[in-house]
Amino acid sequence: MSTLAGRTALVTGASRGIGKEIALELARQGATVRCVATSAKNCEATVAEITALGGAATGHGANVGDSAAVEELIKEVGAVDILVNNAGITRDTLLMRMSEEDWSAVLQINLTSAFLLAKGLSRPMMKARFGRIINVSSVIGVHGAAGQANYAASKAGLIGLTKSLAKELGSRGITCNAVAPGFISTDMTHELSEEMRTGILERTPLGRLGEPGDIAGVIAFLASDAAGFVTGQVIEVDGGLFV
Ligand code: NAP
């Protein structure tokens, strides 16, 4: 069933990992997808896969942590119905070793990007009296993690942003929710040590790491009309790790 037919979505970090699967799933559901990564070239594979499925997609390059680049991007893509703020980075290290640059880069790319894109793209959503803003947070933003003060702060910030935008934009028909993934098998988690991986699996009731599709399915639901009365929520998708 094409639940998103006629909708246009913008997905950041759509070149690989979770974002690529989100872009593919939204396209499978009928949305036209604007795929964003650090370069348009990096989005070519995602766009090609969507096209091969018979879907519609375009690729765009922008550093989403840079306000001038985001302004250009918004001019390039125009109005969208669905915004998925998924792009993110880690610069993990203990507080005592964390440079201000490590702190700022993570906050800028993971959190400020969502503020910039929501600000720019909610105006046409308000006019249309419809919009879906979905922020990809993390269980680390809810629970914290040693060695990830910058990342945890950025992901907790996304939760505050989500709840505030839900209150501010609800009267205009715009919902804003966050998805907080647990450990998902992507480039970001490939560096986990064997010991950490085993520990996570032991504590996960579902007994496996997540796959990008586990997150994409929840995001497609939040983007759909079926989720029209859901806003300001943080959905942890972690196989039960933090139950
Ligand atoms: P990933 O495989 O490392 O991919 C990161 C994506 O973000 C890439 O598409 C990358 O584009 C893009 N990106 C990075 N910096 C950017 C910038 N400055 N401007 C534009 N795009 C940028 O990451 P992932 O594991 O799929 O994670 C996706 C999101 O889920 C992140 O927000 C992450 O924090 C969150 N998350 C992941 C996990 C997990 O276990 N994997 C768990 C919880 C939350 P390029 O290809 O051009 O570099």
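Just follow the structure's listing: the first ligand is 1, and inside any ligand the first atom is 1. Counting from 1, the numbers follow the sequence of the chain as shown.
- Here the heavy atom of the protein found nearest to atom 25 (O) of ligand 1 is T186 OG1, 2.4 Å.
- One finds no salt bridge joining D238 and R203 here, because no Lys/Arg side-chain nitrogen approaches an Asp/Glu carboxylate oxygen to under 4.0 Å.
- The same ILVMFWY cluster, assembled from side-chain heavy atoms under 4.5 Å apart, contains both I174 and L165.
- Atom CG of L116 sits about 9.5 Å away from atom CG of N85, to the nearest 0.5 Å.
- At a 4.0 Å heavy-atom cut-off, ligand 1 touches K155 through the side chain alone.
- Shown in contact with N63 at under 4.0 Å from a heavy atom are these atoms of ligand 1, numbered in order with element: 17 (C), 18 (N), 19 (N).
- Looking at I184 next to ligand 1, an N or O pair under 3.5 Å apart turns up.
- Here the heavy atom of the protein found nearest to atom 11 (O) of ligand 1 is S15 OG, 3.3 Å.
- Using a 4.0 Å cutoff on heavy atoms, P212 does not count as a contact of ligand 1.
- Closest to atom 30 (O) of ligand 1 among all protein heavy atoms lies V136 CG1, 3.4 Å.
- When only non-hydrogen protein atoms are considered, atom 36 (N) of ligand 1 lies nearest to Y151 OH, 3.5 Å.
- Of the protein's non-hydrogen atoms, R16 NH1, 3.7 Å is the one closest to atom 4 (O) of ligand 1.
- Residue contact check: P181 has heavy atoms under 4.0 Å from atoms 42 (C), 43 (C), 44 (C) of ligand 1.
- Of all atoms in ligand 1, listed by their number and element, those nearer than 4.0 Å to a heavy atom of N86 are 28 (C), 29 (C), 30 (O), 31 (C), 32 (O).
- Protein heavy atom closest to atom 26 (O) of ligand 1, with residue, atom name and distance, is I18 N, 2.8 Å.
- Residue-ligand proximity, F183 to ligand 1, at heavy-atom distances under 4.0 Å covers atoms 40 (O).
- From D81, atom CG reaches atom CG of L10 across 11.5 Å, with rounding to the nearest 0.5 Å.
- Not a single N or O atom of T189, backbone or side chain, sits closer than 3.5 Å to an N or O atom of ligand 1.
- Going from atom CG of L95 over to atom CZ of R97 covers 11.0 Å, rounded to the nearest 0.5 Å.
- If you number the atoms of ligand 1 from 1 as listed, the ones under 4.0 Å from a heavy atom of I89 come out as 14 (C), 15 (N).
- Considering backbone and side-chain N/O atoms, G13 comes within less than 3.5 Å of an N/O atom of ligand 1.
- At a threshold of 4.5 Å between side-chain heavy atoms, the hydrophobic network of Ile, Leu, Val, Met, Phe, Trp and Tyr places L222 and L83 in two separate groups.
- Residue S137 touches ligand 1 through its backbone alone, judged by heavy-atom distances below 4.0 Å.
- Given atom 5 (C) of ligand 1, the protein heavy atom at minimum distance is G88 O, 3.8 Å.
- Residue G182 places a heavy atom under 4.0 Å from ligand 1.
- Annotation for ligand 1: atoms under 4.0 Å from non-hydrogen atoms of N42 are 45 (P), 46 (O), 47 (O).
- Closest to atom 17 (C) of ligand 1, if we only count protein heavy atoms, is T38 CG2, 3.7 Å.
- Put simply, V84 and I18 are part of the same group of oily side chains (I, L, V, M, F, W, Y) that touch within less than 4.5 Å, one to the next.
- Salt bridge present: R91 and E101 bring a charged side-chain N and a carboxylate O closer than 4.0 Å.
- Counting non-hydrogen atoms of neighbouring residues, nucleotides and ligands closer than 6.0 angstrom, the CZ atom of R197 exceeds 12 such neighbours.
- Linking ILVMFWY side-chain heavy atoms closer than 4.5 Å, directly or via other members, places I133 and I235 in two distinct hydrophobic clusters.
- Around CD of E71, the count of heavy atoms belonging to other residues, nucleotides or ligands within 6.0 Å does not exceed 12.
- The G17 neighbourhood of ligand 1 comprises atoms 2 (O), 26 (O), with distances under 4.0 Å to a heavy atom of that residue.
- At a heavy-atom cutoff of 4.0 Å, ligand 1 is contacted by the backbone of A62 but not by its side chain.
- Close approach of ligand 1 to A87 (heavy-atom distance below 4.0 Å) involves ligand atoms 7 (O), 13 (N), 21 (N), 22 (C), 32 (O).
- Hydrophobic clustering keeps I140 apart from V136 (ILVMFWY residues linked when any side-chain heavy atoms are closer than 4.5 Å, directly or through intermediates).
- A salt bridge is defined here as a Lys NZ or Arg NE, NH1 or NH2 lying under 4.0 Å from an Asp or Glu carboxylate O, and E49 with R28 fails to meet this definition.
- Here V64 has heavy atoms under 4.0 Å from ligand 1 in both its backbone and its side chain.
- In this structure, a donor-acceptor pair under 3.5 Å is present between the side chains of S154 and N110.
- Note that the CE atom of M188 and the CZ atom of R16 stand 8.0 Å from one another [nearest 0.5 Å].
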